[in-house]
Amino acid sequence: MTDTFSLFASCQPGLEPFLIEELSRQYVEAEAVPGGATFQGNTQSIMRACLWLGTASHVRIRLAQFRCRALGELERKAADLPWRDWLVGRVAVHLTARSHRSRVYHTGGISERIYNAIGASFGQSPMIARDTDYVVAVITSRFEDDICTISLDATSTPLHRRGYRLDGRKAPLREDIAHAMVLASGWSPDTAMLDPFCGSGTIAIEAAGLAMGLPPGRLRAPALQQTARFDIESWQEVLDEGTPREPVAPIAASDRDKGAVEATRANAKRAGVYEAIRSDVCALAAQNWFQGKAPPAGTVITNAPYGVRIQNNKNLVPLYQTLGNRIKAMGEDWNATILAH
C-alpha cells in the first residue's frame, strides 16, 4: 500500500478560491478544478483536511481511474482494486454513480458492478447502507467521456454537516456557504461582526469558530473511521495541532423571530461558541448596533430575507433600503457582505 494518495476536495460552485486558500493554510499544494481541488496527501493529510476545511463538501480518496466502455469491463477492472486495503467487512457500503457522455450510462448498473467487485474481494456480499447518517463507507463512481473514476469518501457524512445545527429553522444556510461568506467578507476577528437576520445562527457560529481557532469538523466523527486505514493515534495527533483562543471582538446575532434566536443559542452551545456570540430578539431597526451603539469597526455578514423565508408577495424594497441605510450610518470602518437567495 502506498503512503501517498490522490485526493479530491469538492465544494459548491464558486467556492474553489476559498478552498484553495484553506488548503494553503495547511501547507498543501492544491490545484483548483471546477467543483473543488485536487492534491496529494497521506492518512494524516486526509484527517487534517476533513477536520479543518470549512468550505469543502467532501474529501475523496481516488482509488482508481481507467478507461471503460462496458459494464462487464467495469466489474473486471474494479475486482482488481485493493478493496481490503480500504474497506472493513463489518462496515456497510453506500454506492453512488454518475455518468456523462459515456457508453456506460446506467448508474444503477454501475453501482451493481462495483458492489459485485467488492463482494468478490471479500468472498461475501457487503452490507448495503440506505442511510448515511451512520458509519458507512461511501463509494462514488463517476464516468466522464468513458473514463471511470472510483473514489472513497473520507467521512460517512458530508463535511458541511457540522453536527451543531439540530434546529435549522426555515431555509437554513449551508454551513460551508456561511463559512465562505465570512472568508469572502474580509472580516478580521479583531473587529466586530453582526448578523441582523441570524435565523439559526449559522453565519455567527462559523465566524465565532474562526475567531476562536476551532476546526469546523470538531463535532464530527473521526475521518477514515469507517475504513481499514483508520489510526486513532494519527487522529489524536491531528486533533492536538489546533490552538484554541479567546475571541477578541464582539460577535452579535439578532432576529425578530424569537424561535430563531432560541435556535441560534442552542446551536451555539452545541458548537462550543455560546459565550462568543451575543444574540438578541429584535427587528432590524431596533438592533442596538444600528442605533449608534456599534463598535468602531466591523463587518455585517448576513443572509437577508428572500424567497421561501418571507410571506408571499411581500415587498422587500423597504427592508433592503433600511438595511443599506443603517449599515452606511455605522461609518466608513464598517462594511457588509450580503447574500440574498
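Values below: every heavy atom of this structure, side chains too, minus hydrogens, waters and symmetry copies. Residue numbers count from 1 along this sequence.
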same_hphob_cluster([X], [Y]) at 4.5 Å side-chain heavy-atom cutoff:
{"X": "Leu339", "Y": "Leu210", "result": "yes"}
{"X": "Leu23", "Y": "Val33", "result": "no"}
{"X": "Ile205", "Y": "Leu214", "result": "yes"}
{"X": "Phe18", "Y": "Ile20", "result": "no"}
{"X": "Leu159", "Y": "Tyr134", "result": "no"}

Donor-acceptor under 3.5 Å ([X] side chain, [Y] main chain):
{"X": "Trp187", "Y": "Val300", "value": "no"}
{"X": "Glu22", "Y": "Thr55", "value": "yes"}
{"X": "Ser121", "Y": "Gly119", "value": "no"}
{"X": "Asp153", "Y": "Ser156", "value": "no"}
{"X": "Arg161", "Y": "Arg220", "value": "no"}
{"X": "Gln236", "Y": "Asp231", "value": "no"}
{"X": "Asn42", "Y": "Asp3", "value": "no"}
{"X": "His94", "Y": "Ala129", "value": "yes"}
{"X": "Thr302", "Y": "Asp195", "value": "no"}
{"X": "Trp334", "Y": "Pro295", "value": "yes"}

Minimal non-hydrogen separation, [X] against [Y], with atom names:
{"X": "Ser99", "Y": "Thr107", "answer": "N-CG2, 4.3 Å"}
{"X": "Ala154", "Y": "Ile46", "answer": "CB-CG2, 3.5 Å"}
{"X": "Ala9", "Y": "Leu53", "answer": "CB-CD1, 4.2 Å"}
{"X": "Gln44", "Y": "Glu237", "answer": "NE2-OE1, 2.6 Å"}
{"X": "Asp146", "Y": "Arg103", "answer": "OD1-N, 2.8 Å"}
{"X": "Met193", "Y": "Ala204", "answer": "CE-CA, 4.3 Å"}

Is there a side-chain contact between [X] and [Y], using heavy atoms and a 4.5 Å cut-off?
{"X": "Trp86", "Y": "Arg229", "result": "yes"}
{"X": "Trp83", "Y": "Pro126", "result": "no"}
{"X": "His179", "Y": "Leu15", "result": "no"}
{"X": "Val261", "Y": "Lys258", "result": "no"}
{"X": "Pro222", "Y": "Met47", "result": "no"}
{"X": "Leu319", "Y": "Pro305", "result": "yes"}
{"X": "Ile110", "Y": "Tyr105", "result": "no"}
{"X": "Asp176", "Y": "Cys11", "result": "no"}

- Could Glu144 and Arg101 be called an ion pair, given the rule that one side-chain N must be under 4.0 Å from one carboxylate O? yes
When rounded to the nearest 0.5 angstrom, what is the spacing between [atom1] in [X] and [atom2] in [Y]?
{"X": "Leu81", "Y": "Phe66", "atom1": "CG", "atom2": "CZ", "answer": "6.0 Å"}
{"X": "Leu95", "Y": "Ile114", "atom1": "CG", "atom2": "CD1", "answer": "7.5 Å"}
{"X": "Asn303", "Y": "Cys198", "atom1": "CG", "atom2": "SG", "answer": "11.0 Å"}
{"X": "Gln40", "Y": "Leu7", "atom1": "CD", "atom2": "CG", "answer": "6.5 Å"}
{"X": "Thr243", "Y": "Met212", "atom1": "OG1", "atom2": "CE", "answer": "13.0 Å"}
{"X": "Ser111", "Y": "Ile139", "atom1": "OG", "atom2": "CD1", "answer": "9.5 Å"}

- Test the Arg84-Phe122 pair against the cation-pi criterion, namely NZ or CZ under 6.0 angstrom from the six-membered ring centroid and within 45° of the ring axis. yes
Determine whether the side chains of [X] and [Y] contain a donor N or O and an acceptor N or O closer than 3.5 Å.
{"X": "Asn267", "Y": "Arg270", "answer": "yes"}
{"X": "Glu206", "Y": "Tyr164", "answer": "yes"}
{"X": "Thr202", "Y": "Arg165", "answer": "yes"}
{"X": "Arg265", "Y": "Ser279", "answer": "yes"}
{"X": "Gln321", "Y": "Asn325", "answer": "no"}

Evaluate whether atom [atom1] of [X] has more than 12 neighbouring non-hydrogen atoms of other residues, nucleotides or ligands under 6.0 angstrom away.
{"X": "Arg90", "atom1": "CZ", "value": "no"}
{"X": "Glu275", "atom1": "CD", "value": "no"}
{"X": "Arg256", "atom1": "CZ", "value": "no"}

- Message: Before you tell me yes or no, could you show the steps for Ser151 and Arg142 under side-chain contact (heavy atoms from CB on, under 4.5 Å), namely the whole-Å CA-CA distance, both residues' side-chain angles and the distance that decides it to 0.1 Å?
- Response: CA-CA 8 Å; Ser151 303; Arg142 180 179 179 181; over 6 Å; no
- Task: Could you give me the CA-CA distance, side-chain angles and deciding distance for Val138 and Leu152, then say whether side-chain contact (heavy atoms from CB on, under 4.5 Å) is met?
- Result: CA-CA 6 Å; Val138 180; Leu152 171 66; 5.8 Å; no
- Apply side-chain contact (heavy atoms from CB on, under 4.5 Å) to Arg162 and Leu219, showing your working. CA-CA 6 Å; Arg162 310 279 200 244; Leu219 301 183; 5.8 Å; no
- Task: Could you check Leu51 against Trp235 for side-chain contact (heavy atoms from CB on, under 4.5 Å), going step by step and ending with a plain yes or no?
- Result: CA-CA 10 Å; Leu51 182 64; Trp235 177 246; 4.1 Å; yes
